[in-house]
Amino acid sequence: MLKEITPKSVDYSQWYVDVITKADLVDYAPVKGFMVIKPYGYRIWEFIQDAMNVRFRATGHENAYFPLLIPENLLIREAEHVQGFSPEVAWVTEGGGERLPERLAIRPTSETIVGAMYSKWIHSYRDLPVLMNQWSNVVRWEKATRPFLRTTEFLWQEGHTVHRTQAEAEAETSQQLEIYRDVIEGELAIPVVVGQKSAGERFAGALNTLTLEALMGDGRALQIATSHFLGQNFAQAFNIQFLDDDGALKYGWTTSWGTSTRMIGGLIMVHGDDKGLRLPPKVAPIQVVVVPIARGNDATAVLSYARKILGSLQSAGLRVQLDSRDEYTPGYKYNDWEMRGVPLRIEVGPRDLKSQAVVLARRDTGEKQTVNRDGLDLTVLKVLESIQNTLFDQAKAYLQDHWQRIDNLAQAEEYGYRGFFDGDWCGAEACAQDLQSQTGMTIRCLPLDGQAVGGDCVVCSQPGSARIVFGRAY
RNA sequence: CGGGGCGUAGCGCAGCUUGGUAGCGCACUUGCUUUGGGAGCAAGGGGUCGGGGGUUCGAAUCCCUCCGCCCCGACCA
């Protein structure tokens, strides 16, 4: 018997927890703030890794691996950086039964250890650019945790690059953000707002942070990818210098950029419904499930018919599974696979066998239709493509419906501070802080859509100097 | 770190007020019948009642103490 999923409208947080545990994506670990990513959830992560690796390689990046532990003297080298991260660093103080002479940080991010290594490797402008990416885990000691969205340990990808010029580094920062947008919108079907972080929301130690912001089903924002232009801050702190062709010794310009398993949390919250997950076909571990209705004397014939369909779809390169478990009824299986978010279900029974047809049931719309067995591979490919597009379109429509242009904060209150709000800002950090203390909302980004400032600061009513998108965030 | 909730079989819970053989539903095992939207019957297996201490003839239940987890808020991918 499957467990009930709490409806979104009753308790969104509980709905989220129900979905991720009952769809078998994760389980809670013995230590608070840690989780096990189970095979079904990890497979989604692997699709994300594949999609990114292809794009990273195509733009000249290589994967590498840096150590988990960072000596304290390295971590504190860049002043702003250490200030930003020190509250959430976990430390190793003992090893081999002895107290260590210098404590070692479990990496909260790797700029410092990467910087220390880069300074050893880079001597000449001929060594540049250095374009590396690392897939790893990091630890940030968080007070309040939620699976995928905020866990103490999480899996991510962090790119670290060094360039000869500022312009090249800034171009890298934008290029990587565009790769993220492409993966997140194209594979995960999550529409995003592209922008720049305000000074107060910037990565600790960065000169500029670009961001992708997504809107969850409860109207809260999720920062889903960031790309940082670090200027020469880290190059100076870690002595990353090169001899340029003019004979001058110069500091490199560095960038870093990252995305994490948080994306999976976003995927669930953007597409999920009261029946459970809804996975876009491109990242669905199982794209099609075949459910035989094997009744009485027809059982053997139906099953062999189902196997033929399975085989032909597999040959077409689809991820298909046949659910021939005979301890469950078809109805149970329908609900089970719907909860797990499988995009398309194919039902085959005695009727279909007789008419050489199958029934297709779409997870995105719930539609059922009977289609001919001939040409089924092509039909299924088309339907999956349509599901991928429909999920994106639905999410895009939701985003647009919950994105209001406003002139003052009272207008945001009418929407319960849910959704994205678009307004103007005077640029004062004091107003950014007032926004948060008064409404719980934060500046998500300064959107990069080219639209001009149109009015006064939504907080203080002084003339605006920047357009901002703001809202309550995870 | 504040506020709330909860620890009893794999999961969800009852039992605690008023101490007296540890129960229910689901899941699991076996058999038979079933199968086009969460199958039925029958017979089974499974427990340091979160840990420690105390009161008592006797503690899941009363007292003390520690631990853990979840949710909601303030900070963060």
Side-chain angles (χ1 to χ4, degrees), chain A residues 1-6 11-18 21-22 27-35 84-89 108-109 136-158 180 197 200-204 209 211-214 221-228 256-266 275 291-299 302-303 323-339 345-353 357-359 361 366 368 370 433 436-437 440 442 472-474:
Chain A
M1 183 63 138
L2 299 183
K3 297 127 205 162
E4 291 287 317
I5 293 171
T6 305
D11 183 343
Y12 196 85
S13 300
Q14 193 56 48
W15 168 82
Y16 178 77
V17 170
D18 286 350
T21 54
K22 289 165 186 172
D27 198 3
Y28 289 97
V31 182
K32 175 189 162 70
F34 289 77
M35 65 174 178
F85 278 103
S86 62
E88 38 187 357
V89 172
T109 178
S136 73
N137 58 342
V138 288
V139 167
R140 298 181 186 176
W141 217 261
E142 300 284 355
K143 287 165 186 165
T145 58
R146 312 188 66 182
F148 289 122
L149 300 174
R150 193 189 305 109
T151 46
T152 303
E153 177 192 25
F154 58 91
L155 302 184
W156 77 343
Q157 147 290 301
E158 50 176 327
Y180 292 151
K197 283 292 182 188
E201 296 278 333
R202 215 175 263 158
F203 177 75
T209 289
T211 182
L212 299 180
E213 302 283 327
L222 186 76
Q223 176 179 311
I224 201 164
T226 49
S227 183
H228 316 291
S256 68
W257 23 275
T259 59
S260 71
T261 39
R262 169 180 270 193
M263 279 191 286
I264 299 174
K275 289 179 163 185
V291 178
I293 294 116
R295 196 179 41 186
N297 296 333
D298 298 319
V302 166
L303 210 55
D323 186 354
S324 58
R325 295 176 293 179
D326 65 355
E327 66 270 32
Y328 294 112
T329 61
Y332 177 99
K333 293 175 184 178
Y334 298 168
N335 288 287
D336 192 24
W337 295 113
E338 281 169 2
M339 187 178 67
R345 180 177 72 243
I346 298 182
E347 306 169 7
V348 295
R351 285 205 303 262
D352 308 300
L353 175 60
V358 301
V359 174
K368 277 196 191 189
T370 303
Q433 281 172 19
Q436 179 162 13
S437 59
T442 49
R472 287 193 172 161
Y474 271 98

Say whether, by atom type as modelled, one donor and one acceptor occur between the side chain of A/Y180 and the main chain of A/G258 under 3.5 angstrom. yes
Distance between the P atoms of B/C11 and B/G47, in whole angstroms? 14 Å
With a 4.0 Å cut-off, would you call A/D336 and A/R325 a salt bridge? yes
With a 4.0 Å cut-off on heavy atoms, is A/L222 in touch with a base, just the backbone sugar-phosphate, or nothing at all? nothing
Could you tell me how far apart A/E201 (CD) and B/C76 (C1') are, to the nearest whole angstrom? 10 Å
Could you state the CG-P distance from A/L212 to B/A77, rounded to the nearest angstrom? 14 Å
For A/T329, check side-chain contact (heavy atoms from CB on, under 4.5 Å) against everything at least two apart and list the hits. A/Y332
Would you list the protein and nucleotides 68-71 of chain B atom pairs, both N or O, that sit under 3.5 Å from each other?
from: B/C69; atom 1: OP1; to: A/K32; atom 2: N; distance (Å): 2.4

Roughly how many Å is it from CZ in A/R150 to P in B/A74, rounded to a whole number? 10 Å
What is the minimum heavy-atom distance between A/D352 and A/V359, and which atoms define it? OD1-CG2, 3.7 Å
Applying salt bridge (Lys or Arg N to Asp or Glu O under 4.0 Å) to A/E338 and not counting sequence neighbours gives A/K275, A/R345
Partner nucleotide, any strand, of B/C16 [Watson-Crick/G-U, under 3.5 Å]: none
What is the separation between atom CD1 on A/I224 and atom P on B/C76, rounded to the nearest whole Å? 19 Å
Quick one: which of B/C1, B/A77, B/G37 gets closest to the side chain of A/F154? B/A77
Would you measure the distance from the C1' atom in B/G58 across to the matching atom in B/A14 and give it in whole Å? 23 Å
Separation of B/C75 P from A/R202 CZ (nearest whole Å): 19 Å
Sub-3.5 Å donor-acceptor pair from the side chain of A/Y16 to the main-chain atoms of A/P147, do we have one? yes
Taking only the P atom of each, what is the distance from B/C6 to B/U48 in whole angstrom? 24 Å
Atom-pair distance (NZ on A/K22; P on B/A27), nearest Å: 14 Å
Between the side-chain atoms of A/R140 and the base atoms of B/C76, is any donor-acceptor pair under 3.5 Å? no
Separation between the C1' atoms of B/G37 and B/G20, rounded to whole Å: 49 Å
Working to the nearest 0.5 angstrom, can you tell me the gap between A/S136 OG and A/E153 CD? 9.5 Å
Scan every strand shown for a Watson-Crick or G-U wobble partner of B/C1, both distances under 3.5 Å, and answer none if you come up empty. B/G73
Give every pair of a protein N or O atom and an N or O atom of nucleotides 41-44 of chain B that lie under 3.5 Å apart, one pair per line with the distance.
none

Nucleotide paired to B/G45 in any strand shown, Watson-Crick or G-U, under 3.5 Å: none
When the distance from OH of A/Y474 to P of B/G73 is rounded to whole Å, what number comes out? 8 Å
Could you check which nucleotide pairs with B/A39 in any of the strands shown, counting Watson-Crick or G-U wobble with both distances under 3.5 Å? B/U33
Pairwise C1' distance, B/C13 and B/G7 [rounded to whole Å]: 12 Å
Base, sugar-phosphate, or nothing for A/Y16, non-hydrogen atoms under 4.0 angstrom? nothing
Under 4.0 Å between any heavy atoms, over every strand shown, what does A/A225 touch: base, sugar-phosphate, or nothing? Just pick one. nothing
Both distances under 3.5 Å, Watson-Crick or G-U wobble: report the partner of B/C26, or none. B/G10
Residue whose closest nucleotide on RNA chain B lies nearer the 5' end, A/K275 versus A/G440: A/K275
Roughly how far apart, to the nearest Å, are B/U18 and B/C62 at atom P? 9 Å
Donor-acceptor contact present, side-chain A/D18 to main-chain A/T6, <3.5 Å: yes
One thing to verify: whether A/E347 and A/K368 come together as a salt bridge, which I'm taking to mean a side-chain N less than 4.0 angstrom from a carboxylate O. yes
Output yes when a side-chain donor or acceptor of A/Q157 lies under 3.5 Å from a complementary backbone atom of A/T259, and no otherwise. yes
Quantified in whole Å, what is the P atom distance between nucleotide B/C75 and nucleotide B/C16? 44 Å
Looking at A/K197 and A/E213, does any basic side-chain N land under 4.0 Å from a carboxylate oxygen? yes
Indicate, yes or no, whether a donor-acceptor pair under 3.5 Å links the base of B/G37 to the side chain of A/R345. yes
Looking at residues at least two apart in the chain, or sitting in another chain, which of them share a side-chain hydrogen bond (donor to acceptor under 3.5 Å, both in side chains) with A/R295? none
Sort me out a list of protein N/O and nucleotides 33-36 of chain B N/O pairs below 3.5 Å, or just none if empty.
from: B/U35; atom 1: N3; to: A/A294; atom 2: O; distance (Å): 3.4
from: B/G36; atom 1: O6; to: A/G349; atom 2: O; distance (Å): 3.4
from: B/G36; atom 1: O6; to: A/P350; atom 2: N; distance (Å): 2.9
from: B/G36; atom 1: O6; to: A/R351; atom 2: N; distance (Å): 2.5
from: B/G36; atom 1: O6; to: A/D352; atom 2: N; distance (Å): 3.4
from: B/G36; atom 1: N1; to: A/D352; atom 2: OD2; distance (Å): 2.5
from: B/G36; atom 1: N2; to: A/D352; atom 2: OD2; distance (Å): 3.1

Across all strands shown, which nucleotide pairs with B/G58 by Watson-Crick or G-U wobble geometry, both distances under 3.5 Å? none
Taking the C1' atom of each, how far is B/G23 from B/U61, in whole Å? 15 Å
When you match A/T151 and A/E327 each to their closest nucleotide on RNA chain B, which lands nearer the 5' end? A/E327
Hey, is the main chain of A/F148 close enough, under 3.5 Å, to the side chain of A/T151 for a donor-acceptor pair? no
Can you tell me the distance, in whole Å, between the CD atom of A/E142 and the P atom of B/G73? 16 Å
State whether the side chain of A/T152 and the backbone N or O of A/V139 hold a donor-acceptor pair below 3.5 Å, judged by distance alone. no
